[in-house]
Protein chains: 2
Amino acid sequence: MLLEHIDGFIIDLDGTVYRGVEAIDGAKETIDALQKRNLPVVFLSNRGNISRAMCVERLGRIGIDARPEQILLTSTVTGQYLRKHAPEAKVWTLGDRGLREELAEQGVTLAMHPEEADKLVITLHENLTYSELNDAFRAARSGAEIIATNEDKSFPGENGESIDVAGMIGAIVATTGQQVQVVIGKPSQIMADAALHALGLSPERCLVIGDSIASDIALGKRAGMRTALVLSGSSTREHGENAVDRPDYIWDSLADLLIELEREELSA
Amino acid sequence: MLLEHIDGFIIDLDGTVYRGVEAIDGAKETIDALQKRNLPVVFLSNRGNISRAMCVERLGRIGIDARPEQILLTSTVTGQYLRKHAPEAKVWTLGDRGLREELAEQGVTLAMHPEEADKLVITLHENLTYSELNDAFRAARSGAEIIATNEDKSFPGENGESIDVAGMIGAIVATTGQQVQVVIGKPSQIMADAALHALGLSPERCLVIGDSIASDIALGKRAGMRTALVLSGSSTREHGENAVDRPDYIWDSLADLLIELEREELSA
């Protein structure tokens, strides 16, 4: 029984639930089925440039009903991290406005001027301007320590592969001599702990499902969870079979979880 | 006689002739005096985000009459470099529009799409947007070799120290794995040769005047020219006196050249 002793589901978003603005076939039905059975679900994503509120809305548009507490973006977890480890810190951001909104929502104090910031949080900024890049430069140059939501070099954008957070980081690191102090995103233990805390479960009772071996599967393996790779995003079956962090299961998509769920119920 | 055997003057712009939009006291009068005596002058600047036409206009606004042929910006010299070393290359740019205009003026072929570019020229982009950063990322990712007009990390902007070319380079290098192949700007021999070619003189007959030890004085020393550091920009007298590349002369500003010129004429 594949799902035996699994009491919580940690599900990636981009490439697992949706691709861009499109739902992935069967994702909605699977999540509906888990929710209907009151099986605990959290969505764990390395995206740091949107807020939970924006994410709830995005999921709503493809018919998925999620509560904010079920969503753990790197913007969310960066906020939690700062509140815990640097509660007094004034924070400057380089990233789309969703990051700032989420940090504020998490109770983080945002700096009024770059020069007064203790921390600089960097995420993807799809609306980057020189002026904003310059403000972040000034924050780091004045001593703000860099926290990165993730370090991805590129992501599949609407019209092709696009420059990601590593570009924003590269600009600041190359000009200020500051290094990145913490990377919040998967496969970090920070993200694993955030998910486990939200679920209230121990790792061996959780299944991580995602399309990335380097972030989703690696996170699950390191934290002692069971893992399922879906092939609806950036990985192929060969990637999964040859990975050092070999997933416990390889599924075409999240819909395979629904099939498995129904099969086990029938045979129960 | 300080100016004996000096037949040509290589003069830096930012910090030597002007600061931002303001003329430096005495710069206009000194340049007027050189031009009136038909002493050959070229302006040699690491600025790559404006064209010669823009520079002529900028000098005109502070009363300095310069011909385009007297102006060697890194945008100009990058154009000359490409025409000589990669005449067939299709070129993409990351920088303000002045770079593109100057390259076109120099006869460089600009690529229509980032993916088809053979070279990516990077300079300061004070109007940077995510979309332009992304296009440059795609050019480099598709194999375009990176040429940098210069590698400065920051410059004194209107409202404080501001992020310079190294930021734009850092974003692309960190995400594409490409390295910078050539840096055109001072203190390179490329810039020294461009100035000597424009003046039609051998190096020992030239005097380089500028406010930067690392670019102006170093260029002159390496190329076998005489050098004068002016204190109207980024350097102090102590910088000059303690520099490994010690300038032959240290002047408060370019106006000291006019004083010297008139003194030597009187005593002649």
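From a predicted model like this one, the values you see are computed outputs, not experimental measurements. In what follows, chains carry the letters A, B, and so on, assigned in the order in which the sequence lines appear, proteins first and then strands, with residues in each chain numbered from 1.
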Visitor: So which of A:I169, A:N159, A:T176 has the largest heavy-atom pair count under 4.5 angstrom toward chain B?
Guide: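 Maximum pair count with chain B is reached by A:N159.
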Visitor: Given side chains that start at C-beta, do those of B:R141 and A:I163 come closer than 4.5 Å, heavy atoms only?
Guide: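 Counting from C-beta outward, B:R141 and A:I163 never come under 4.5 Å.
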Visitor: Side chain, backbone, both or neither: which part of B:N127 has a non-hydrogen atom closer than 4.5 Å to chain A?
Guide: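 Just its backbone gets close to chain A.
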Visitor: Heavy-atom pairs under 4.5 Å with chain B are the metric here; pick the option from A:A136, A:G167, A:S131, A:S162 that has the most.
Guide: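 The option with the most such pairs is A:S162.
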Visitor: Can you tell me which residue among B:T129, B:L124, B:L133 is in a side-chain contact (heavy atoms from CB on, under 4.5 Å) with A:Y130?
Guide: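 Option passing the side-chain contact (heavy atoms from CB on, under 4.5 Å) with A:Y130: B:L124.
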Visitor: Pick whichever of B:R138, B:E151, B:H125 has the most heavy-atom pairs under 4.5 Å with chain A.
Guide: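 Among the listed options, the one with the most contacts to chain A is B:R138.
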Visitor: Pick from B:A174, B:A171, B:G170: which one has the most heavy-atom pairs with chain A under 4.5 Å?
Guide: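 If we count pairs closer than 4.5 Å to chain A, B:A171 comes out on top.
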Visitor: Check this for me: B:E132, atom CD, are more than 12 non-hydrogen atoms of other residues, nucleotides or ligands nearer than 6.0 Å?
Guide: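 It does: B:E132 CD has more than 12 such atoms within range.
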Visitor: Report, as yes or no, whether the 6.0 Å neighbourhood of atom CD on A:E126 holds more than 12 heavy atoms from other residues, nucleotides or ligands.
Guide: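 Enclosed.
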Visitor: Could you check whether atom CZ of A:R237 has more than 12 heavy atoms from other residues, nucleotides or ligands sitting under 6.0 Å from it?
Guide: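 Yes, because the 6.0 Å sphere around CZ of A:R237 holds more than 12 heavy atoms from other groups.
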Visitor: Non-hydrogen atoms of chain A under 4.5 Å away: do they reach the side chain of B:D96, the backbone, both or neither?
Guide: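 Interface part for B:D96: neither.
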